[in-house]
Amino acid sequence: MSSSGCRIWAWMIIGVLLVSFDVSAQRRTKKKPAAPAPPPPTELSKLRENFINATKEYKGSLGKLVPFYENDVKKAEDKVEQSKKLLAEGLIPKSQLEENERALTAARQKLAETNRAMSGADDQIAGVLVEAAANDEIAKNLRLAKQSLVRTAAFTRYTGASGWSLTDAWKVQRFFSDTFKKQLPIAVFGQGAIHDRWRLDHHNAMDIQLHPDGPEGRALLEFLQKNGIPYLAFRSAIPGTATGPHIHIGRPSHRY
Ligand SMILES: [Zn+2]
């Protein structure tokens, strides 16, 4: 993505954050904010800067790998071609060709995964940012911290009973596949490289790509509450994209 694309993205997210932060601000002042947005609090400028940098760095680091992986694919292809000839001449066993073919498949997969990660980087980083902002809001807001079930414009949070562990994920997966006859759409399972970068603890959590107000999302939240499983459901994080809405199962990812 170009740097101007990044900027547009970042401002979209800031807009969303401003809207969610405004909910509490409006309650205090009962006034609409003036037309030009007030200078954002330091925290927001930090988030914006972090988002731009994280997106650039993450895509940059992946982008550097692509030529190497492309080269690996080329080399593996040559090796397969060569071993086909050698096999035809009876100079190598068939197992040798098969081994080289497996190596080629692995090299192609690595390249495809990297390309996928690059195209999904914005989504992943936006998801992490939205969770970080919600976590900060909960930490600062006593009303949110005290209630076991709370719904704001941006998210619904349920604190659940103690004892949730990601090793119980199968229970959620089984409920979902039994009910909807398809796999639970897990977008993130446990800690990822992006969480490390943001110093967010996501070890004991997973993100489900479902809108919390859709039929499947609603059924899932109901199941989680019935079973005392904590969650944070995001409904409209980034308007106009499919990015924002998701259900985070587990406690809010705190910073470490
Ligand atoms: Zn999450």
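Just so you know, ligand 1 is whichever comes first in the structure, and atom 1 is the first atom listed for that ligand.
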Problem set entry | Whether His246 has an N, O or S atom under 2.8 Å from the Zn ion (ligand 1) | no
For [X], what is the atom name of its N, O or S atom nearest to the Zn ion (ligand 1)?
{"X": "Asp207", "result": "OD1"}
{"X": "Glu131", "result": "OE2"}
{"X": "His248", "result": "ND1"}

Problem set entry | Exercise: identify the closest heavy-atom pair between Phe176 and Gln183 | CE2-O, 3.6 Å
Exercise. Any chance CD of Glu70 has more than 12 other-residue heavy atoms, nucleotides or ligands included, within less than 6.0 Å?
Worked result: yes
For this session: State which residue, out of Asp72, Asp78, Asn71, fulfils the side chain to side chain donor-acceptor pair (under 3.5 Å) condition with Lys74.
Result: Asp78
For this session: Measure from the ring center of His202 to the ring center of His248 and say whether it is less than 6.0 Å.
Result: yes
